[in-house]
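Report on the structure given below.
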Amino acid sequence: MRLKPIGFTVATVVVSLALAGCATSTPAPETSGAAGDNAAFPVTVETAFGDVTVESEPKRIVALGWGDAETALALGVQPVGASDWLAFGGEGVGPWAEGLYDTAPEIIDTLEPSYEAIAALKPDLILDTKSSGDQERYDRLSSIATTVGIPEGSESYLTSLDDQMEIISEALGKEAKGDELLDAVEAKYEEAAAAHPEWDDLTVAAATKTSEGWGAYIEGSERVSFLENLGFEQSPKIAALETAASGFTVDISSEQLDLLDADLIVAFPIYIPTTDITDDPLFQAIPAVAAGHSVVIDGDLSAAYSLGSSLAIGYSIDNLVPLIADATK
């Protein structure tokens, strides 16, 4: 099996995701600042913007896409610049990736990065494999350095874990390491799923609430994919709804919260207190919630679950699976 694909107004949703938000069996990444074996170059990777050739081993990498920096770190490569999508602060990574940098990267803004700041880092490779997929953004980045954008066939913020790892490992000359990391994540999922065969074919809704209201994640987003890899199925009621402008959520009004009803609901707050979900009488009235079949997460667990990187998934499985087990008894 390969893993299920892993990710309001567009600006509101993506900026809000910054606050969506270590034990793991994933192999510890090498912490060298070097990229791949120079003998592997040149390499050509397929992207939505056409084939991109990395002529020689990159030494100064700027990682801008959602999870790109952690993917590079897992492969043993330390970016000199990175975007902190989940507002971790410091080095811009979660606790599952702490200590993997020898030198903290320059933190670059997410939705509207400073192209001057990126250029000042003198990168020889820019990673933007999980982002808006905007042509203008790609063109501006490409004018600075060789840029690997979203993979061919991918959509805005819906690059899967497999595709992200594969395209980045190819660009860095570390394909074998990338395969090893994906195999470890797959084994971790299989172990958790095998321990809970009762989850097979149960329906699930992955939901969030912001100051603007409620939303649910669609097929292909990392929150739904995480749960599908454990054996659950996306709620058909959510699957039938029209996708929001963000491309990875559907909007749900408070009056229609019963659309979230499923065998399991996993929800998390963005930019609001967790109690705005747990104390919401309309949420409490959803049959699944009233029956105790819901999990509301926040903090590092919410961030790991939302990020969906190879490093974060181990943390999510170790900490979220026991909560799901309690909610599905």
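What's counted below: heavy atoms across the whole structure, side chains too, no hydrogens, waters or symmetry copies.
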### Task
Begin from the C-alpha positions of Gln234 and Glu228 and carry the test side-chain contact (heavy atoms from CB on, under 4.5 Å) through to its verdict.
CA-CA 7 Å; Gln234 167 76 311; Glu228 288 178 328; 3.9 Å; yes

### Query
Yes or no on side-chain contact (heavy atoms from CB on, under 4.5 Å) for Val54 and Phe41, after CA distance, side-chain angles and deciding distance?
CA-CA 7 Å; Val54 182; Phe41 296 92; 3.8 Å; yes

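The aromatic rings of Phe88 and Trp96 stand perpendicular to each other, their planes meeting at an angle above 60°, with 30° marking the opposite boundary. Ring geometry for Tyr305 against Phe268 counts as perpendicular: the plane angle is over 60°, on a 0 to 90° scale with 30° as the lower cut. Using cut-offs of 30° and 60° for the angle between ring planes, the Tyr157 and Trp85 rings count as perpendicular.
Both Leu301 and Tyr271 sit in one connected hydrophobic cluster of ILVMFWY residues. Membership requires side-chain heavy atoms under 4.5 Å apart, directly or through other members. Hydrophobic clustering, with ILVMFWY side chains joined whenever heavy atoms are under 4.5 angstrom apart, groups Leu202 together with Leu323. Following chains of ILVMFWY side-chain contacts shorter than 4.5 Å, one cannot reach Ile272 starting from Ile297, and the two form parts of different hydrophobic clusters.
Between the side chains of Thr328 and Trp199, a donor-acceptor pair is found at a separation under 3.5 Å. A donor-acceptor contact closer than 3.5 angstrom is absent between the side chains of Thr203 and Ser235.
The CG atom of Leu100 sits 11.5 Å away from atom CG of Leu75, with the distance rounded to the nearest 0.5 Å. Distance check: Ile61 CD1 to Ile168 CD1 gives 9.5 Å after rounding to the nearest 0.5 Å. In this structure, the separation between CD on Glu186 and CD1 on Ile313 is 11.5 Å, given to the nearest 0.5 Å. With rounding to the nearest 0.5 Å, the separation of CD in Glu46 from CG in Asp51 is 5.5 Å.
Looking at Tyr138 and Ile150, their side chains never come closer than 4.5 Å, going by heavy atoms from C-beta outward. Using a 4.5 Å cut-off on side-chain heavy atoms (C-beta onward), Leu260 and Ile252 make contact. Side-chain contact between Asp200 and Phe232 is absent, with no heavy-atom pair separated by less than 4.5 Å.
Residue pairs meeting the salt bridge (Lys or Arg N to Asp or Glu O under 4.0 Å) criterion with at least one member in residues 263-292, sequence neighbours excluded, are Lys209-Asp280.
Taking Ile, Leu, Val, Met, Phe, Trp and Tyr as hydrophobic and joining them when side-chain heavy atoms fall under 4.5 Å apart, one finds Ile126 in a cluster with Val62, Leu64, Val80, Ile108, Tyr115, Ile118, Leu121, Leu141, Ile144.
Salt bridge status for Lys130 with Asp68: absent, with no side-chain N to carboxylate O gap under 4.0 Å.
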